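For reference, the structure is listed below as structure tokens.
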2 protein chains.
Amino acid sequence: MAETTAASPKATSKKMRRQEAEALILSAAEKVFAEAGFGGATMQLIADVAGLPKANLHYYFPTKELLYRQVVQKIFQIWLQAADIFDQADGPEEGIGAYIDAKMEISRRHADGSKVWASEVMHGAPVIQDYLETTLTDWTNGRIEVIERWIAEGRMAPIDPRHLLYMLWATTQHYADFGHQIDTLNGGSPLNDKQWEAAKTNIKTIILRGIGAVE
Amino acid sequence: MAETTAASPKATSKKMRRQEAEALILSAAEKVFAEAGFGGATMQLIADVAGLPKANLHYYFPTKELLYRQVVQKIFQIWLQAADIFDQADGPEEGIGAYIDAKMEISRRHADGSKVWASEVMHGAPVIQDYLETTLTDWTNGRIEVIERWIAEGRMAPIDPRHLLYMLWATTQHYADFGHQIDTLNGGSPLNDKQWEAAKTNIKTIILRGIGAVE
DNA sequence: GGCCTTCCTGACCGTATGGTCAAATTCAGA
DNA sequence: TCTGAATTTGACCATACGGTCAGGAAGGCC
């Protein structure tokens with residue numbers, strides 16, 4: 001998706017619609033923010049990646065911080081989408097298993113976004129603190145209820161739902177955030193399809209058995 | 001440890017020994033790099049935190065990059081120390097259990113360092129790539145051998161050791177790197193002793209049962 | 001005390017950065 | 001074709017940053 005929009009820069013017409021210009025810039029910004037962090041990223045570099053003059057960026061996004069904020073919000077939306085899978089499931093094996101699959105897919109397809117999010121939270125969430133306190137808190141509490149119900153129904157062991165969620169987030173996002181380290185330990189090459197499948201399988205095996213959702 | 005050195009800034013004498021001055025600066029730098037990232041950190045801010053004039057920093061650490069490199073190396077040493085526990089263990093339950101404890105303790109006591117490391121790796125490890133390729137690769141391969149032996153001896157299920165290690169790293173470091181998110185979801189307060197214990201217990205329960213090292 | 005090494009620091013410099021602006025360009029609709 | 005709103009852009013600005021340097025201060029040692 002990120003490549004899709006970025007791969008079609010200023011083709012025929014010289015004037016862009018607001019929508020596609022913003023998408024192009026957001027895509028470039030996501031990449032640069034992921035690689036350099038907020039402080040290390042420069043508007044000039046983002047402009048170069050987007051193939052636009054710097055002044056044009058400021059036309060669509062008045063300040064660097066505003067641009068950054070939109071990038072983070074974009075990720076958060078994707079992040080939340082994986083939530084649906086959780087609710088629609090019948091039990092822990094299906095629900096948590098599918099959630100792991102979904103989050104691993106996000107780690108693979110939206111690695112840059114994941115890094116931006118991680119960076120933001122690591123630095124104390126200066127721009128999305130309100131999201132953490134509202135949306136994320138609500139989402140978390142909702143999922144805790146679901147897990148507690150599963151436990152009450154005897155469908156999994158009495159694990160603290162909160163720490164289980166942290167483990168799910170940590171493990172899946174690790175493949176995006178620490179992708180470079182994993183690639184290095186993989187001989188310098190990114191994981192191939194088979195290895196991604198192996199990763200998902202291993203995680204699901206350990207966690208689902210670990211919480212007593214499977215034998 | 002970080003606080004110990006930082007808590008005794010220029011008391012009586014005006015002149016510091018190289019060793020204590022460097023320790024003071026490294027401690028301040030770790031904090032600032034963790035909060036702002038490499039690009040976002042400024043020598044001026046580090047100097048302010050250390051309580052020294054900026055020019056004094058450049059006396060001990062000629063460039064920002066050199067200072068940063070030393071901070072990262074310092075963390076890496078601590079990181080590797082937790083390895084010993086792994087080897088001295090008799091089996092997976094003891095070895096991995098103790099490793100989780102040790103890494104959780106590091107996450108709690110050296111949260112800033114962990115964040116600096118995470119930031120560095122996330123941005124492609126520009127300054128410690130050689131460490132990843134040599135020391136970390138060797139360490140990882142050594143641990144994989146140990147785990148494979150345990151599997152061969154039937155003391156745990158046939159899990160891919162590599163992905164198990166990633167899960168251990170991810171889960172334990174999450175409590176440092178995403179500490180702010182966890183604190184927010186905890187009502188805005190840091191985890192207390194009891195909660196840290198609960199976290200450790202939950203992680204050990206899930207993983208040790210998940211890999212078939214306990215019933 | 002005299003000397004020399006080490007340490008300290010205010011003032012300074014070149015550069016790069018985020019952001020501004022006014023003039024030019026494009027294009028849809030009347 | 002004309003008009004006006006939307007878009008594009010090079011040139012420009014003030015600031016903040018990493019780093020330098022020369023001169024001063026401390027303190028160990030004879």
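So you know, we letter chains A, B, ... as the sequences are listed, proteins then strands, and number each from 1. Because the structure is a prediction, the values reported are computed rather than measured.
Comparing the start and finish of the helix from C/dG1-D/dC30 to C/dA30-D/dT1, five pairs each, the helix axis swings through 10°, to the nearest 10 degrees.
Between A/His163 and A/Tyr166, the ring-plane angle classifies as perpendicular under the 30° and 60° cut-offs.
Against DNA chain C, the stretch residues 53-67 of chain A makes heavy-atom approaches under 4.0 Å through A/Lys54, A/Ala55, A/His58, A/Thr63, A/Lys64. In the region residues 36-46 of chain A, proximity to DNA chain C at under 4.0 angstrom, judged on heavy atoms, holds for A/Ala41, A/Thr42, A/Met43.
A search for side chain to side chain donor-acceptor pair (under 3.5 Å) contacts involving B/Glu120 returns B/Tyr68, not counting sequence neighbours. Partners of B/Trp150 under the ring pair (Phe, Tyr, Trp, His ring centres under 6.0 Å) rule, at least two apart in sequence or in another chain, are B/Phe86. Take B/Lys115 and apply the side chain to side chain donor-acceptor pair (under 3.5 Å) test, not counting sequence neighbours, and it matches no residue. Residues forming a side-chain contact (heavy atoms from CB on, under 4.5 Å) with B/Asn192 (at least two apart in sequence, or on another chain): B/Lys194, B/Gln195. In this structure B/Glu133 satisfies the side chain to side chain donor-acceptor pair (under 3.5 Å) test together with B/Gln129, sequence neighbours excluded. Taking the side-chain contact (heavy atoms from CB on, under 4.5 Å) definition, one finds that B/Asp138 meets it with nothing, sequence neighbours left out. With sequence neighbours excluded, no residue forms a side chain to side chain donor-acceptor pair (under 3.5 Å) with B/Glu94.
C/dC7 atom C1' lies 12 Å from atom CD of B/Glu22, rounded to whole Å. Following rounding to the nearest Å, B/Glu20 (CD) and C/dC7 (P) show an atom-to-atom distance of 11 Å.
Taking only side-chain nitrogens and oxygens, B/Arg18 never comes nearer than 4.0 Å to OP1 or OP2 of C/dT6.
Residue pairs satisfying the salt bridge (Lys or Arg N to Asp or Glu O under 4.0 Å) criterion with at least one member in residues 79-88 of chain A, sequence neighbours excluded, are listed as follows: A/Asp87-A/Arg143.
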Taking only distance into account, with no hydrogens and no angle test, what donor-acceptor pairs under 3.5 Å do side-chain atoms of residues 33-62 of chain B form with protein atoms, sequence neighbours excluded?
| residue | atom | partner | partner atom | Å |
| --- | --- | --- | --- | --- |
| B/Thr42 | OG1 | B/Leu45 | N | 3.0 |
| B/Gln44 | NE2 | B/Asp48 | OD1 | 3.2 |

